[in-house]
Amino acid sequence: MIVVIKKGQQKQQIDNLVEWIRGMGLGVHISEGENSTIIGLIGDTSKVDIGLIRNLDIVESVTRVQEPYKNANRKFHPQDTIIDVGGHKFGGKHFQFIAGPCSVESEAQIIEVAKAVKAAGATVLRGGAFKPRTSPYSFQGLGAKGLALLRKAKAETGMPIVTEIMSEEHIDEFFDIDIIQVGARNMQNFDLLKRLGKLKTPILLKRGIAATIEEWLMSAEYIMSEGNPNVILCERGIRTYETYTRNTLDISAIPILKERTHLPVIVDPSHASGQARLVKPLSLASAGAGADGLIIEVHNDPAHALCDGAQSLRPEQFADVVRCMDPVLSAVGKERDR
Ligand code: PEP
Ligand code: MN
């Protein structure tokens with residue numbers, strides 16, 4: 001339920017209303033815009049007397065919200081949420097490039113790729129340390145050692161880092177990670193989401209391989225309802241009957257999410273397509289559809305990558321994607337962060 005407060009009301013009166021709502025056992029989300037204050041009611045509002053609230057002097061209007069996601073709902077928070085990661089902003093008019101290898105393989109590899117993607121225009125470094133592999137016989141990532149190598153790359157380049165968490169067990173090891181990624185396979189690991197909700201670290205929440213947009217937003221809700229408002233959504237392709245690509249990039253999810261939620265939305269064209277040559281066209285399409293950024297796999301030697309070489313760009317190919325992006329960004333009123 002959303003209560004819109006009339007313009008120019010006294011804070012004390014608004015506070016009294018909020019207290020009264022909380023007294024009914026409901027959560028409250030307050031959004032103060034330039035023109036109005038909106039109070040979002042979270043929880044079971046079926047017993048709330050809508051007429052009673054509507055009749056209060058300070059209230060402009062009351063509407064019930066049908067969607068099950070509340071904190072993530074744009075109706076509760078009309079302005080875009082902007083998430084600051086080491087001075088780089090996700091959301092609003094900003095556009096970020098996250099780039100790096102699928103997995104951290106060695107110190108030399110991660111440092112070389114980090115320097116190359118930074119020079120090409122990336123603002124955040126990606127690299128998997130704990131890898132969710134389909135086969136238990138595939139390379140599983142360097143684990144804690146991989147995190148240490150990412151820290152070194154950050155120290156060398158100044159780039160914030162994003163890396164995936166696979167299990168609640170590792171949460172303490174991620175204490176200084178700038179963005180914690182929840183991979184597609186863990187999108188509905190609700191215990192993990194709840195634990196991440198207790199942090200303030202930005203969470204990159206990838207879409208599950210067979211998740212609807214609403215299920216995905218409900219996963220964001222798990223994190224936000226525990227107190228962490230810093231969720232960045234990542235469309236990474238969904239499973240369909242198509243076999244020419246690894247997944248099917250759901251471009252329409254981007255404008256739909258922009259309508260439904262205030263959270264930043266980025267796109268992973270690497271996992272969506274599985275093929276390096278498709279990364280550039282999908283990147284341009286994603287930006288054109290209104291994405292707030294991209295996460296792209298880049299490797300200094302894709303042919304010998306331990307993971308996802310076929311979809312990894314070489315640094316110069318990544319630089320070409322960045323260069324070609326500016327006209328698209330200016331068409332949609334966004335600017336690439338530098
Ligand atoms: C990844 O980003 O390395 C990854 C495994 O992605 P996803 O969870 O989208 O498959
Ligand atoms: Mn990968």
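Just so you know, these numbers come straight off a predicted model, no measurement behind them.
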Between Val265, Asp337, Ile98, which is the residue that forms a side-chain contact (heavy atoms from CB on, under 4.5 Å) with Phe90?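 Passing option: Ile98.
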Kindly say whether [Y] contributes a backbone atom to a donor-acceptor pair with the side chain of [X] at under 3.5 angstrom?
| X | Y | answer |
| --- | --- | --- |
| Thr245 | Thr248 | no |
| Gln109 | Ser103 | yes |
| Glu214 | Pro68 | no |
| Glu173 | His170 | no |
| Ser270 | Glu297 | yes |
| Thr261 | Ala72 | yes |
| Arg133 | Phe139 | yes |

Any non-hydrogen side-chain atom of [X] less than 4.5 Å from a side-chain atom of [Y]?
| X | Y | result |
| --- | --- | --- |
| Pro229 | Thr81 | no |
| Leu125 | Ile110 | yes |
| Ile179 | Pro160 | no |
| Lys152 | Ile111 | yes |
| Trp20 | Leu17 | yes |
| Asp320 | Glu316 | no |
| Ile21 | Val48 | no |
| Trp216 | Glu235 | yes |

Around [X], counting heavy atoms of other residues, nucleotides and ligands shown, do more than 12 lie under 6.0 Å from its [atom1]?
| X | atom1 | value |
| --- | --- | --- |
| Glu242 | CD | yes |
| Arg260 | CZ | no |
| Arg239 | CZ | no |

Reported [atom1]-to-[atom2] distance for the pair [X] and [Y], which is rounded to 0.5 angstrom:
| X | Y | atom1 | atom2 | answer |
| --- | --- | --- | --- | --- |
| Asn189 | Tyr222 | CG | OH | 11.0 Å |
| Met218 | Met187 | CE | CE | 10.5 Å |
| Leu196 | Ile165 | CG | CD1 | 5.5 Å |
| Thr163 | Lys131 | OG1 | NZ | 7.5 Å |
| Leu313 | Ser283 | CG | OG | 7.5 Å |
| Met325 | Lys280 | CE | NZ | 9.0 Å |

Taking all heavy atoms of [X] and all of [Y], pick out the closest pair and write down the distance.
| X | Y | answer |
| --- | --- | --- |
| Gly121 | Phe97 | O-CB, 4.0 Å |
| Arg236 | Ala184 | NE-CB, 3.5 Å |
| Val28 | Arg22 | CG2-CG, 3.8 Å |
| Leu41 | Phe76 | O-CZ, 3.6 Å |
| Gly288 | Val332 | O-CG1, 3.5 Å |
| Thr123 | Gln96 | OG1-OE1, 2.7 Å |

Go through the steps for Ile251 and Ser286 under the test side-chain contact (heavy atoms from CB on, under 4.5 Å), then give the verdict. CA-CA 7 Å; Ile251 285 279; Ser286 300; 4.0 Å; yes
Is any side-chain N of the basic residue among [X] and [Y] closer than 4.0 Å to the acidic one's carboxylate O?
| X | Y | value |
| --- | --- | --- |
| Asp308 | Arg246 | yes |
| Lys93 | Glu335 | no |
| Glu164 | Arg126 | no |

Which residues pass the salt bridge (Lys or Arg N to Asp or Glu O under 4.0 Å) test with [X], not counting sequence neighbours?
| X | answer |
| --- | --- |
| Lys206 | Asp268 |
| Lys334 | Asp292 |
| Asp178 | Lys154 |

Check for me, please, whether [X] and [Y] land in the same ILVMFWY cluster - side-chain distances under 4.5 Å, paths through other members count.
| X | Y | answer |
| --- | --- | --- |
| Ile266 | Leu284 | no |
| Leu233 | Leu249 | yes |
| Phe95 | Leu282 | yes |
| Ile42 | Phe190 | no |
| Leu204 | Met166 | no |

Show me the donor-acceptor pairs within less than 3.5 Å that the side chains of residues 2-11 make with the rest of the protein, sequence neighbours left out.
unit_1, atom_1, unit_2, atom_2, d
Lys6, NZ, Asp57, O, 2.8
Gln9, NE2, Lys7, O, 3.4
Lys11, NZ, Asp15, OD2, 2.8

Can you pull out every side-chain hydrogen bond (donor to acceptor under 3.5 Å, both in side chains) where at least one residue sits in residues 196-205? Sequence neighbours excluded, please.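 Qualifying pairs: Lys198-Glu226.
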Show every side-chain hydrogen bond (donor to acceptor under 3.5 Å, both in side chains) that has at least one partner inside residues 23-46, sequence neighbours left out.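 Only Ser31-Gln79, Asp44-Ser46, Thr45-Arg64 qualify under side-chain hydrogen bond (donor to acceptor under 3.5 Å, both in side chains).
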Please lay out, stage by stage, how Glu221 and Lys70 fare under the test side-chain contact (heavy atoms from CB on, under 4.5 Å). CA-CA 7 Å; Glu221 198 70 20; Lys70 311 292 178 188; 3.6 Å; yes
Determine whether Asp250 and Ser252 satisfy the following criterion, side chain to side chain donor-acceptor pair (under 3.5 Å), listing intermediate values before the conclusion. CA-CA 5 Å; Asp250 183 6; Ser252 48; 2.8 Å; yes
Could you walk me through whether Val279 and Ser273 pass the side-chain contact (heavy atoms from CB on, under 4.5 Å) test, one step at a time? CA-CA 7 Å; Val279 168; Ser273 65; 4.2 Å; yes
Going through the distances and angles, do Ile223 and Asn230 end up as a side-chain contact (heavy atoms from CB on, under 4.5 Å)? CA-CA 9 Å; Ile223 299 168; Asn230 302 314; over 6 Å; no
